[in-house]
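Below: the structure, in structure tokens.
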Amino acid sequence: MPFHEINVKNVKIDDKFWNKRIRSAVENIVPYQWRVLNDQEPGAAPSHAVMNFKIAAGMESGEFYGYQFQDSDLAKWIEAASFSLIYQDSPQVRAALDQAISIIEKAQQPDGYLDTHYILKKPDKKWQEIAHGHELYCTGHMLEAAVAYYTVTGSERLLKIMEKNVKLIRQVFGKAKGQIDSYPGHEEIELALMKAYRVTGEQVYFELAQYFVENRGEKPGFLEEPRFLELAKERWSQADYHQAHAKIREQKAAEGHAVRAMYFFTGAADVALETGDSTLKKALENLWSNVTGRRMYITGGVGSQGDGERFTIDYDLPNDTCYTETCAAIGLAMWALRMLRLEPDARYADVMERALYNNVLSGISEDGEHYFYVNPLQLKPDVAQYRRDHESVEPERVKWFGCACCPPNVIRTLCGLGGYVYTQRGEAIYQHLYVGHSAEVETSSGVAHLTCTSSMPWQGAASITYHGPVGISLYLRVPEYAMGFALTKDGTPVEFTVERGYAKLTPQNGSTYQVNFEMEARLVQANPRVTEDCGKAAVLRGPLVYCAEEADNGPLLNSFILDMSIAPELEESPLFGGITTLQVAGTRPDMEVWPEDRLYSAAPNARQAAQMKLIPYFLWNNRGLGEMLVWMNAR
């Protein structure tokens, strides 16, 4: 069945929950990050990203500064800024985009090469450090930026720059004599190439993407490079760190650097969709099962170890030392969206929604100007600030990072959220998220216009109106947490069938459907194989994971024991502009019988009835430094 990619410009979010976040991104954060990238924001770590391009362009003098992938920060900002124009056509943002693209254009070398780290710092090392050099990674992000800019503005300026760059890469890499037969150390370009292919129809983009996906794991690739061999002496940086230990169809589990893995699987799913290759699709399904069934946190976070920013082994999910990088959760959501394009199945959308509402949103503060790179599920600030095994964990969000991959990644996700709402197969339209929006979807029968108003994530209610041709099938997701999912039309119950977790409807022009379901606060336990969560429980409601904070409950959160026989109570709270909080019941120790110099005492010890107030996890650390806890001791 033909696949159609719905233009992100044609899905405009208008939602009570998301509006303030997107509006903040459009009005404040995009300009804020432009200042940061130009080293004009007091208190933020130096970026030098724009200056690197200016130096490479001969507009300024100086030396390269930053990580070898510093160019990608500017690329992600361009993508975010482009998407922001969907919501506000800002002359200032357009001017900044024009300035950025003009600098990039001047920095590009005559043969198409574009990477300021190697132009300025290592001109004699181009294409010689594939494993860790990030040239292809930076190209991928800049190509994504070019596609976004073209999609929103219609301008091909940046796309032409990247077309020249990709033409060079196609000449450099391949299996012909004189070419480098390898694949990127850090995946990203694969998914970007497929985006470019779909907007341009140029076969070179697809062929290069397919080559990189299918070639990965081929020996030697980059596995004999001196830099790779040097770093591979450390067990966390060997071939599996790059997902290069085996061909993708032979990989049985997600290994290595979590962001690299998510981006690779995303690009591979794009290739599988284009080729119709059932063996590649099956391999991705197996990897999905491994990630979500054995290696994913309840928040939608992936990557449990700081060393190597990587996956470890099945069920190894520590809460206080976990890495769960914001970029990895964004990558998981991207992969889920591609799996939905391959095969509409609500299990992919359930994970996509979980990641977006929890591990992605936790990466940015409510004011939009402070960020988490790492997203733990348990924090005791004094421990995090002292212990070496917590050195990756920031107890508070910061204004910027030296390695700043996450902040612009969050903003491009927020501004591009419309791209996650739907997928389309022929005359079938699948709605995955109950997010308020208006949309135009092109079909062979004409343009379908859809609008949605929603009370999510606080209430299970939405209204969806369809205007368009007859003969279209509309599929509405039945979330895995939805109790008593019901549909009505003009107050009359609607009968429907459910296919792979979606309610199938055949709307007429002007049809309006009301979606209603209950969202109970659920006490959830982990598989006993997850050692760190044995004897514990977490609380979820709808797509949201909840947590306890010291601001509401005082210190020593881990001393609380949850009573699982008592259902959580819902409370409407004015916090953060109005949210639903939860109260759970249990006991806490009587601290009067525990003087500070007594480490141990005979059991049982005195305990007192107590309650714990819980807030959505994504909101933690917006009220100052303090303890936080997702998994509570339970009985």
Side-chain angles (χ1 to χ4, degrees), residues 52 64-73 115-141 169 172-173 180-190 212-213 215-248 250-251 253-265 267 295 302-313 316 321-325 327-328 331 373-374 388-393 401-406:
N52 287 336
F64 178 89
Y65 173 87
Y67 286 90
Q68 62 268 39
F69 44 82
Q70 210 80 350
D71 291 2
S72 64
D73 295 347
D115 188 291
T116 68
H117 176 252
Y118 285 93
I119 291 173
L120 298 175
K121 195 171 183 176
K122 295 181 177 180
D124 59 332
K125 294 291 186 181
K126 295 175 185 176
W127 311 126
Q128 295 180 39
E129 299 177 331
I130 308 300
H132 295 283
H134 289 76
E135 290 159 290
L136 296 170
Y137 169 81
C138 289
T139 289
H141 274 302
I169 292 169
V172 171
F173 288 88
I180 299 171
D181 188 13
S182 190
Y183 34 85
H186 192 316
E187 303 93 323
E188 216 288 330
I189 193 173
E190 301 87 347
F212 282 141
V213 168
N215 205 39
R216 188 164 214 89
E218 189 74 31
K219 306 298 187 292
F222 54 67
L223 302 180
E224 293 181 352
E225 291 180 357
R227 181 66 172 155
F228 171 80
L229 294 171
E230 177 187 346
L231 293 178
K233 294 174 184 176
E234 211 271 338
R235 64 178 297 190
W236 312 124
S237 299
Q238 296 174 1
D240 65 343
Y241 169 82
H242 306 267
Q243 298 76 50
H245 55 295
K247 292 295 196 74
I248 187 169
E250 300 165 5
Q251 294 185 25
E255 305 289 358
H257 190 280
V259 178
R260 298 174 190 235
M262 295 301 98
Y263 287 0
F264 177 45
F265 301 156
R295 299 190 172 192
V302 290
S304 57
Q305 178 175 286
D307 284 342
E309 302 181 320
R310 62 175 294 146
F311 291 99
T312 56
I313 59 175
D316 178 38
T321 60
C322 62
Y323 206 69
T324 50
E325 183 181 341
C327 286
Y373 192 110
V374 174
R388 182 173 181 178
D389 62 349
H390 285 62
E391 62 185 355
S392 298
V393 178
F401 303 99
C403 175
C405 52
C406 296

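Residue numbers count from 1 along this sequence.
- With hydrogens and angles disregarded, a donor-acceptor distance shorter than 3.5 Å links the side chain of Glu225 to the backbone of Ala131.
- Looking only at distances, no side-chain donor or acceptor of His141 sits under 3.5 Å from a matching main-chain atom of Thr139.
- No hydrogens or angles considered: nothing links the side chains of Glu190 and Tyr183 as a donor-acceptor pair under 3.5 Å.
- Within the model, atoms NE2 of His186 and SG of Cys405 stand 7.5 Å from one another, a figure rounded to the nearest 0.5 Å.
- Within a 6.0 Å sphere centred on NZ of Lys121, heavy atoms belonging to other residues, nucleotides or ligands number 12 at most.
- A 6.0 Å sphere centred on NZ of Lys233 holds no more than 12 heavy atoms belonging to other residues, nucleotides or ligands.
- In this structure a side-chain-to-backbone donor-acceptor pair under 3.5 Å is missing from Arg295 to Ser304.
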Q | From CA spacing to verdict: side chain to side chain contact (heavy atoms under 4.5 Å, CB included), Ile169, Phe212 | A | CA-CA 11 Å; Ile169 292 169; Phe212 282 141; 4.3 Å; yes
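- Remark: side-chain polar atoms of Glu135 are not paired, donor with acceptor, to backbone N or O of Lys126 under 3.5 angstrom.
- Side-chain N or O atoms of Gln68 include one that pairs as donor or acceptor with a backbone N or O of His132 at under 3.5 Å.
- Summarising the geometry, atom CH2 belonging to Trp127 is positioned 5.0 Å from atom CG belonging to Leu136; distances are rounded to the nearest 0.5 Å.
- Looking at Thr116 and Asp71, their side chains do bring a donor and an acceptor atom within 3.5 Å of each other.
- Using modelled atom types, one side-chain atom of Gln243 and one backbone atom of His257 make a donor-acceptor pair closer than 3.5 Å.
- Separating the OH atom in Tyr323 from the OG1 atom in Thr312 is a distance of 14.5 Å, to the nearest 0.5 Å.
- Interatomic distance, Asn215 CG to Lys247 NZ, rounded to the nearest 0.5 Å: 6.0 Å.
- Here SG of Cys403 is found 7.5 Å from CG of Asp73. Values are rounded to the nearest 0.5 Å.
- Two residues are said to be in side-chain contact when any heavy atoms from C-beta on lie closer than 4.5 Å; Leu223 and His242 fail this criterion.
- Defined by atom type and a distance below 3.5 Å, a donor-acceptor pair is present between the side-chain atoms of Glu309 and Tyr373.
- Side chain of Lys219 to backbone of Gly217: a donor-acceptor contact under 3.5 angstrom is found.
- Remark: the backbone N or O of Tyr67 is paired with a side-chain donor or acceptor of Gln70 at under 3.5 angstrom.
- In this structure, CG in Leu231 is found 8.5 Å from OH in Tyr241, a value given to the nearest 0.5 Å.
- The side-chain heavy atoms of Gln251 and Phe265, taken from C-beta on, include a pair separated by under 4.5 Å.
- Counting heavy atoms from C-beta outward, Phe222 and Arg227 have side chains that stay 4.5 Å or more apart.
- Residues Val374 and Glu325 form no side-chain contact, since every pair of their non-hydrogen atoms from C-beta on lies 4.5 Å or further apart.
- Counting heavy-atom neighbours within 6.0 Å of Phe64 CZ, excluding the residue itself, gives a total above 12.
- For the side chain to side chain donor-acceptor pair (under 3.5 Å) test with Tyr118, the passing option among Lys125, His134, Glu129 is Glu129; the others fail.
- Here Arg310 pairs with Asp240 in a salt bridge; the nearest charged N to carboxylate O distance falls below 4.0 Å.
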